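Model, not experiment: these values are computed from the prediction.
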Amino acid sequence: MRCEELLKGLSYECIRGNTECEIKEVVYDSRKLSEGCLFICISGYKVDGHSFAGEAASSGAAAIVVEKDVLLPEGSGAAVIRVADTRYAMAFISAAYFGHPADRLKVIGITGTKGKTTTTYLIKSILESAGYRVGLVGTIETIIGDRHIPANNTTPESFLLQQYFKEMEEAGCEIVVMEAASQGLMLHRTQGFTFEIGIFTNLEPDHIGPNEHADFEEYQACKGRLFRQCRLGIVNKDDAHLEAVLKGHTCQVETYGFDSSADIYAEGLKLVHKPGELGIDFRVRGGVDFQVEVPTPGRFSVYNALTAIAVCRHFQVEASQIQKALLGAHVKGRIEMVPVSDAFTLMIDYAHNAMSLKSLLATLREYQPARLVCLFGCGGNRSRLRRFEMGEVSGTYADLTIITSDNPRFEKPQDIIEDIKTGIGKTAGKFVEICDRKEAIAYAIDHGQPGDIIVLAGKGHEDYQEIEGVKYPMDERVLIREILAGRKSPL
């Protein structure tokens, strides 16, 4: 492909050579440099790709895309193309390189502080029940047909995202549902194509700090970018930040929520408590009218379901198909019920900060458990404030906290536990500490009482424990099976 074809639609200046050269490959990782490639210099948090421009030229790169001055070796024949932002340019170059696959797919993007992961799986489940072939890109994994590819980023780099789109198209997918994280939007990973539908779930302060967002205003503004990149926006009318998120939007807008003026809304909520399972039942009205039951608890579960319904009605999915798919949908590590005993309820959830843990425990309180038991730890080499806050939240909302280890990384697990205990110390909450996570889970199961709700928080979908730079296999589902297998009789 000729270089000038990859640059169509971009504003650029060719400051050396010309853009008529042939490009064999597009590369943004200096470890993958090859002769005839187009190398894009990305300014990263730790490494600046511009420092490899000379190496790219020496490796025979046909063209180098930059946003700042670079020094090339004498006699280099590489064209140098200057753009305002190489990440932005990479999104468009990547889309062209893979033949603009998103133009032939219906891409649904979901942004918001909470609910993105669960909602992507709900939408995928409903659409597939109606006969559509659906790809998925998100925090846990990318799904292309029968392939499940573990995720490194919630929203992949634009080059990888376009590659996934191409592979999804080749696999026969018609629709792609993906998480559009604020960082992905900020770093232009979702440029180069137009979303069919953009979704806004909710907004709360999060992801603010070094290498993330400078402040809440920037975080909010990045979420809003999605609604200048989609044809239809489906948004939570109940969220206090909705107007700010939609500022400058260029799409049509539809709403959902509990407000009866929304395009679709929920009413008549009823808690569902079955042996080993919690759920919620409600009526959805507005543009549709039918009863829904979801096998996960709380108002946030209703929001997730409403979002999925609002999307799927644009694909002519029948109410009966939606009802069946929602009732059978389960998302790994997101309020995931694990059958252990009919006497009490055990679940795994990814809640790994104070905000998400408080939301989860407050929701579970509504089910009036005999005891609410919360097992969690905190990650090492992260803010100590998170540990104090999570300890205080669990001490306030749980009847018993079981403090254990999460991903200690390069810290001593006991040091992390002591910080959590400092937070709990601000409350009257009872706690036990068991550093080994498997032993802690065994304690929770062995001491489960009739009517208890037990939450294993923090790990969610993760199937490893990171210690001293090494990720050791550790899946809480496997640990539970091993614990139960060691018991002489079922609970």
Side-chain angles (χ1 to χ4, degrees), residues 117 121 139-141 148 150-151 274-278 295-297 328-352 357 360-361 364 369-380 390 394 398-409 411-414 416-417 420 430-491:
T117 300
Y121 282 89
T139 300
I140 299 175
E141 61 190 344
H148 292 252
K274 301 175 182 177
E277 185 178 293
L278 306 175
T296 51
H330 297 278
V331 182
K332 185 177 182 181
R334 298 316 197 267
I335 322 180
E336 179 185 354
M337 310 287 174
V338 182
V340 169
S341 168
D342 286 346
F344 58 82
T345 302
L346 178 70
M347 68 181 68
I348 295 172
D349 192 77
Y350 190 51
H352 60 289
L357 188 63
L360 175 63
L361 296 181
L364 297 178
R371 293 186 311 164
L372 180 54
V373 180
C374 179
L375 179 152
F376 80 97
C378 288
M390 289 185 72
S394 189
D399 297 294
L400 173 66
T401 298
I402 303 173
I403 311 172
T404 188
S405 185
D406 193 290
N407 293 318
R409 298 186 178 91
E411 288 194 67
K412 293 179 180 179
Q414 192 60 43
I416 299 171
I417 287 173
I420 296 171
K430 297 178 182 178
F431 71 89
V432 296
E433 57 178 290
I434 305 172
C435 189
D436 182 276
R437 198 167 183 107
K438 183 175 181 179
E439 291 180 14
I441 294 171
Y443 179 92
I445 292 173
D446 289 342
H447 291 79
Q449 298 175 13
D452 280 357
I453 296 177
I454 302 171
V455 182
L456 312 183
K459 295 294 290 176
H461 61 278
E462 292 180 354
D463 57 5
Y464 63 86
Q465 186 174 43
E466 186 177 345
I467 305 171
E468 298 288 343
V470 179
K471 289 185 177 181
Y472 296 92
M474 192 191 77
D475 186 320
E476 289 186 320
R477 296 146 205 81
V478 174
L479 296 184
I480 292 167
R481 286 198 297 270
E482 291 174 352
I483 290 165
L484 294 179
R487 302 295 182 265
K488 291 183 180 179
S489 58
L491 295 170

With a 3.5 Å cut-off and sequence neighbours excluded, list the donor-acceptor pairs that the side chains of residues 343-351 form with protein atoms.
from, atom 1, to, atom 2, distance (Å)
D349, OD1, I335, N, 2.7
D349, OD2, A351, N, 2.9

Would you give me the side-chain donor-acceptor pairs under 3.5 Å for residues 463-472, sequence neighbours excluded?
from, atom 1, to, atom 2, distance (Å)
Q465, NE2, D406, O, 2.7

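Under the rule for a side-chain hydrogen bond (donor to acceptor under 3.5 Å, both in side chains), E277 has no partner lying at least two apart in sequence or in another chain.
Across M337 and P295, no two heavy atoms sit closer than the pair CE-O, 4.1 Å. Nearest heavy-atom pair across L357 and A457 is CD1-CB, 3.9 Å. Across every non-hydrogen atom of D342 and P275, the tightest pair is OD1-CB, 3.9 Å. The shortest non-hydrogen separation linking S394 to T401 is OG-OG1, 2.7 Å.
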Working for side-chain contact (heavy atoms from CB on, under 4.5 Å), residues L364 and C374: CA-CA 11 Å; L364 297 178; C374 179; over 6 Å; no
Criterion side-chain contact (heavy atoms from CB on, under 4.5 Å) on F376 and I420, from CA distance to verdict: CA-CA 10 Å; F376 80 97; I420 296 171; 3.5 Å; yes
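A salt bridge between K332 and D475 is present, with a side-chain N of the basic residue lying under 4.0 Å from a carboxylate O of the acidic one.
One finds the CG atom of L456 at 7.5 Å from the CD1 atom of I445 (value rounded to the nearest 0.5 Å). The distance from atom CD1 of I402 to atom CD of E439, rounded to the nearest 0.5 Å, is 12.5 Å. Here the CD1-CD distance, from I417 to E411, works out to 12.0 Å after rounding to the nearest 0.5 Å. One distance of note links CD of E336 with CZ of R477; it measures 4.0 Å at 0.5 Å rounding. Atom OG1 of T404 is separated from atom CG of D436 by 6.5 Å, given to the nearest 0.5 angstrom. Annotation: the span from C378 atom SG to N407 atom CG amounts to 11.0 Å, rounded to 0.5 Å.
Residues Q414 and P408 have side chains not in contact (no heavy-atom distance under 4.5 Å, counting atoms from C-beta outward). Annotation: side chain of T139 is in contact with side chain of R334 (closest heavy-atom distance under 4.5 Å).
Checked by atom type and distance alone, the side chain of D452 never pairs as donor or acceptor with a backbone atom of A370 at under 3.5 Å.
Across R437, K459, K438, H461, a single residue satisfies side chain to side chain donor-acceptor pair (under 3.5 Å) together with E476, and that is R437.
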